[in-house]
Protein chains: 2
Amino acid sequence: MTEVLVQPLRKRRAEPPEVRREQLITATITCIARNGMSATTMAEVTKEAGLSQGIVNLHFESKEKLLIATLRTIADEYNSGQQKILTSSVHTAVADKIQALLDFDFSPRVTRKDKLAVWFAFWGEAKSRPTYQHICSASDIATDAAIRSLFQQAIDEGGYRGISAELLAQGYTALIDGLWLDLLIAPRRFTRKRAKQIATLYLANALPQHIEPPGD
Amino acid sequence: MTEVLVQPLRKRRAEPPEVRREQLITATITCIARNGMSATTMAEVTKEAGLSQGIVNLHFESKEKLLIATLRTIADEYNSGQQKILTSSVHTAVADKIQALLDFDFSPRVTRKDKLAVWFAFWGEAKSRPTYQHICSASDIATDAAIRSLFQQAIDEGGYRGISAELLAQGYTALIDGLWLDLLIAPRRFTRKRAKQIATLYLANALPQHIEPPGD
DNA sequence: CATCTCTGAATGAACGTTTATTCAGTCGTT
DNA sequence: AACGACTGAATAAACGTTCATTCAGAGATG
């Protein structure tokens, strides 16, 4: 019988390591978002994943390595999404790319509460954990460099005076981080739409020919 | 003899509770900055303070309450420093107050690495700890409200069109938070001077008659 | 001034709980 | 039957908290 049965499984079943790793990373994100970093235990994560206690050590060797893999996953996900926009040939016009960048940075996918919570949980620990710091910092560098070159194109096109693409890009990145923080801390006062308006205003002030000031 | 002897003490000595609390909060800040929140233990904190294990429970009842007191101390310190500037009658001109605000937000006192590390450590945990969230959020609300009214004055004075004081203030607050994050995560690439230039540029674009664009 | 008594701040060993990690055994798959 | 992914009870280390004990200093006494 060569037929392959794909059935709803109630019992444990061997899966490729890649699937298990992804499963555990997803569970880790959920736990960090729900309980915070310092209350995220192996027991919680494995229970969330519906697997047994020992499985993290089987697939990741240690808790520390699971956390690093989780951070790397989130960082890669964001960076690749951003790179996709910046290197895309669909949005050929510079203004379109900038708009697409704004849309991306405030898309539901990126601003999901659990993802934001994980970002800030790691940032909070980064000072004392060189590995976290390297991953976060590397992510920021990549982001900065790509955005800087895009803004430089806009500055050249628009003939804007007295504006440095580097300052503008670093400011944009910082503003995004700060707005994400507000979305996480004060979701009542602060909406995605409002955050996007603020970021749009920032760019409209600097690059008036490329970005229009936000409406209501 | 009414003379009070202040001598270098090698042995334990009773101190007013207030002094002990301050001592323990200072030690907590040091530990969080050095080891991160999830590696900050009672043993570490009391050792850093040069006191015995049980003393935190004597003065704060629990670890949780020590952490909350620490967060509250940092938040109050920032808010009172800011309020002092905004309500001061020394800088009567609006432009001067805005400049003083910028100076304050990037003063060595406020941007000290250990203080920033503590801010972000708590922000990282805030999502899952309502008490932290309330303190952080209350701090942000106070900040926002005060800055908004200052910016409104500037907008009225300058007759700036199409700019909302609320958006500008929320943007400023978010930008500051984001710049602090960069100062913490990437101190190599990012200096206080650079961060201040970026914030100055943000305000100069919005309130050109009040704030001049940054030089080099 | 010297001495005794009392107070409570401070100590640190001990306790029970929680934690990450291990590994002998289980069971689905081939 | 053999393999190996997976399990979960067991383990030792680490943690926050407790509390009997200690001792510096204040006030009382002579």
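Naming: A, B, ... by sequence-line order, numbering from 1 per chain.
For the residue pair B:Q170 / A:D182, no side-chain donor-acceptor distance below 3.5 Å is found, with atom types taken as modelled. A side-chain donor-acceptor contact under 3.5 Å links B:N79 and B:S139.
When rounded to the nearest whole Å, the span between CG of B:L24 and C1' of C:dA10 equals 12 Å. Going from atom CG of B:L51 over to atom P of C:dA10 covers 8 Å, rounded to whole Å. Note: CD (A:E44) to P (C:dT18) measures 12 Å, nearest angstrom. Residue A:K47 contributes atom NZ, which lies 17 Å from atom C1' of D:dT7 at whole-angstrom precision.
A:S52 has no side-chain polar atom (N or O) that falls below the 4.0 Å cut-off from OP1 or OP2 of D:dG8. Phosphate proximity of C:dA10 to B:R20: present, with a side-chain N or O under 4.0 Å from OP1 or OP2. Distances shown here put every side-chain N or O of B:H59 at or beyond 4.0 Å from the OP1 or OP2 atom of C:dA9.
Environment of CD in A:E22: sparse, with no more than 12 heavy atoms of neighbouring residues, nucleotides or ligands closer than 6.0 Å. At most 12 non-hydrogen atoms from other residues, nucleotides or ligands lie less than 6.0 angstrom from CZ of B:R72.
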Would you please test A:R189 and B:D140 for side-chain contact (heavy atoms from CB on, under 4.5 Å) and show each step? CA-CA 11 Å; A:R189 280 185 303 132; B:D140 251 28; 3.7 Å; yes
Please evaluate residues A:D105 and A:Y78 with respect to the criterion side chain to side chain donor-acceptor pair (under 3.5 Å), reporting the C-alpha separation (whole Å), side-chain torsions for both, the decisive distance (0.1 Å), and the verdict. CA-CA 9 Å; A:D105 280 335; A:Y78 177 75; 2.6 Å; yes
Where along nucleotides 12-18 of chain D does protein come under 4.0 Å, by heavy atom, of base (B) or sugar-phosphate alone (S), with - for untouched nucleotides? ---SSBB
